[in-house]
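One structure is given here, and the rest of the page talks about it.
Please read these numbers as outputs of a predicted model, since none were measured by experiment.
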Amino acid sequence: MMQREDQDFLYPELQPPPVVVAPLNRDFDDHHGEVVASVGYTQGRSPARVPIEGLSAYIGKENSLLWIGLKNPHPELLAEVSDALRLGPKALEEIGESHRRPKIIDYGHVVLVVAVTVEIEGDRPMFGETQLVIGDGFLLTVRRGATASHSVVRERLEAAPDLLARGSDYVASELLDLLVDRYVQAATRLESVVEHAEQKLLIRGAKDSDIRKLYRQRRDLLRIHNAIAPLAEICRRLSRVEMTAIDVHARPYFGEVADRVVRIDELVAALREALAFAFEASLMIGQSQQNDTTRRLASWAAILAVPTAVAGIYGMNFEHMPELKWAYGYPSALVGIAVACGLLYWRFRRAGWL
């Protein structure tokens, strides 16, 4: 990581003034809710709010960590924070853009990690993004579209100062692990949705509305796969590739996150396959029902053909026809028709067609 003396040499005009921090129980300007947190820690302890205007004074302090959290920030606020953290114009340009897929960029003195968030609203996934800027002694998080905050991780780490003292790279791994936990929650909710769709398809078959809904669900699962699958490779890169902002002792934590992402991605792929199998099973059930209906119709058509044929023959109105003047001709014809129809019904019933 960049030493304090190197920073002073590169930026002589930015010599830090005395550090001014505000206690945690004191109100500070949150820029209309855009600044979720701006907290400084010394060896993981003594948390104190740091005003945005005083960020540059806190950078470079030994055994300190500055954690800044922004939510849907305006470009002016991003530019102010970037200048204070000395991120550079290229990093500022990248942070200001919205991303639809995870990515990682190593700028040398800082590392930018972009992760896509997945939250379930109703039975549809909602996508957002969380950007992590990992630097020497500071961590900047930028959330867009995501409703869930990082307060759970912040409170847990503040209760364990030794973990916070490990640095910004370790905190970044914990935040990525929190995103994976939310992937698990989203996949669990989608699993119940898929099970309900399976039961509906297998019980009543596939209707037009069900097919449209099934396509939408498979499309949503594919979008989730595209959103989370690249994060596994990003975490593997953080765990294997030497980077200035990532300490060698923090790399194994990113490897664990990568393994979890792979398992969640496999679960999402399994849900997509389950929907495909349910759809195929519903088609087979529908075809079987159609075959049964066809057989029954064919059986009754064959049975009804007997009285139709007899009635057609005796309805030709020829003068000289056998049994027309026989007293038992009509009852005999009815008995013959009944016997023939009964035999046909028995044979079709025995064959399973009726």
Side-chain angles (χ1 to χ4, degrees), residues 1-7 10 44 59-60 63-69 81-82 85-118 129-144 150 153 157 163-184 224-266 268-269:
M1 296 184 180
M2 184 178 292
Q3 300 298 323
R4 180 63 184 168
E5 293 79 4
D6 297 335
Q7 294 177 350
L10 292 175
I59 298 300
N63 298 325
S64 66
L65 171 63
L66 178 62
W67 188 347
I68 308 162
V81 174
S82 176
L85 300 180
R86 305 169 185 174
L87 301 181
K90 293 184 178 180
L92 174 60
E93 181 181 359
E94 192 68 32
I95 296 172
E97 296 180 357
S98 298
H99 305 81
R100 303 183 66 178
R101 291 176 63 87
K103 67 188 305 183
I104 179 174
I105 302 177
D106 184 7
Y107 292 101
H109 62 297
V110 295
V111 174
L112 171 64
V113 178
V114 179
V116 178
T117 60
V118 180
E129 69 168 351
T130 295
Q131 301 184 24
L132 309 177
V133 182
I134 309 169
D136 183 10
F138 69 87
L139 175 66
L140 171 64
T141 64
V142 180
R143 289 190 290 129
R144 292 189 179 92
H150 303 151
V153 173
L157 293 181
L163 299 180
L164 267 178
R166 297 180 182 181
S168 58
D169 44 10
Y170 173 78
V171 177
S173 68
E174 288 290 329
L175 290 177
L176 291 176
D177 193 64
L178 175 65
L179 294 182
V180 177
D181 289 338
R182 289 169 182 168
Y183 292 161
V184 174
I224 293 175
H225 164 74
N226 294 333
I228 70 177
L231 186 60
E233 186 59 32
I234 289 174
C235 292
R236 287 197 182 97
R237 182 178 175 184
L238 289 169
S239 65
R240 297 173 183 174
V241 179
E242 183 177 353
M243 300 182 186
T244 305
I246 307 299
D247 188 80
V248 64
H249 299 292
R251 294 179 189 173
Y253 301 112
F254 293 102
E256 293 179 0
V257 175
D259 294 338
R260 293 193 64 198
V261 174
V262 170
R263 289 194 292 269
I264 297 302
D265 188 42
E266 291 175 351
V268 172

Might you point out which heavy atoms bring [X] and [Y] nearest each other, and give the distance in Å?
X    : Y    : result
C235 : L176 : SG-CD1, 4.1 Å
S168 : G137 : OG-N, 4.4 Å
A227 : P102 : O-CG, 3.0 Å
R251 : S239 : O-CB, 3.2 Å
L65  : L139 : CD1-N, 4.4 Å

Within this structure, what is the [atom1]-[atom2] distance for the pair [X] and [Y], rounded to the nearest 0.5 Å?
X    : Y    : atom1 : atom2 : value
Y183 : I264 : OH    : CD1   : 10.0 Å
I134 : M243 : CD1   : CE    : 8.5 Å
D247 : E242 : CG    : CD    : 10.5 Å
I95  : L112 : CD1   : CG    : 5.5 Å
R86  : D136 : CZ    : CG    : 11.0 Å
L238 : L132 : CG    : CG    : 9.5 Å

Quiz item: Are R182 and T117 close enough, and set up right, to give a side chain to side chain contact (heavy atoms under 4.5 Å, CB included), and what steps lead you there?
Solution: CA-CA 8 Å; R182 289 169 182 168; T117 60; over 6 Å; no
Mind checking what makes salt bridge (Lys or Arg N to Asp or Glu O under 4.0 Å) contact with [X], not counting sequence neighbours?
X    : result
K103 : E94
R260 : D177, D181
R101 : none

Quiz item: With sequence neighbours excluded, what pairs up with S173 under the side-chain contact (heavy atoms from CB on, under 4.5 Å) test?
Solution: Y170, Y253, F254
Self-check item: Donor-acceptor contact below 3.5 Å, side chain H109 vs main chain G135
Solution: no
Quiz item: Is a donor on one side and an acceptor on the other found under 3.5 Å between the side chain of Q131 and the backbone of V142?
Solution: no
Quiz item: With sequence neighbours left out, which residue pairs that include part of residues 225-237 fulfil the side chain to side chain donor-acceptor pair (under 3.5 Å) condition?
Solution: H225-D265
Quiz item: Yes or no on side chain to side chain contact (heavy atoms under 4.5 Å, CB included) for W67 and T141, after CA distance, side-chain angles and deciding distance?
Solution: CA-CA 8 Å; W67 188 347; T141 64; 4.0 Å; yes
Exercise. Please step through side chain to side chain contact (heavy atoms under 4.5 Å, CB included) for the pair I234 and V261, ending with a clear verdict.
Key: CA-CA 10 Å; I234 289 174; V261 174; over 6 Å; no
Quiz prompt | Partners meeting ring-ring contact (aromatic ring centres under 6.0 Å, His included) with Y107 (sequence neighbours left out) | solution = none
Exercise. May I ask you to check whether over 12 heavy atoms, not counting those of E97, lie within 6.0 Å of atom CD?
Key: yes
Quiz prompt | Pairwise side-chain contact, L85 with V110, heavy-atom cut-off 4.5 Å (strictly under) | solution = no
Self-check item: side chain to side chain contact (heavy atoms under 4.5 Å, CB included) between T130 and L175, worked out
Solution: CA-CA 10 Å; T130 295; L175 290 177; over 6 Å; no
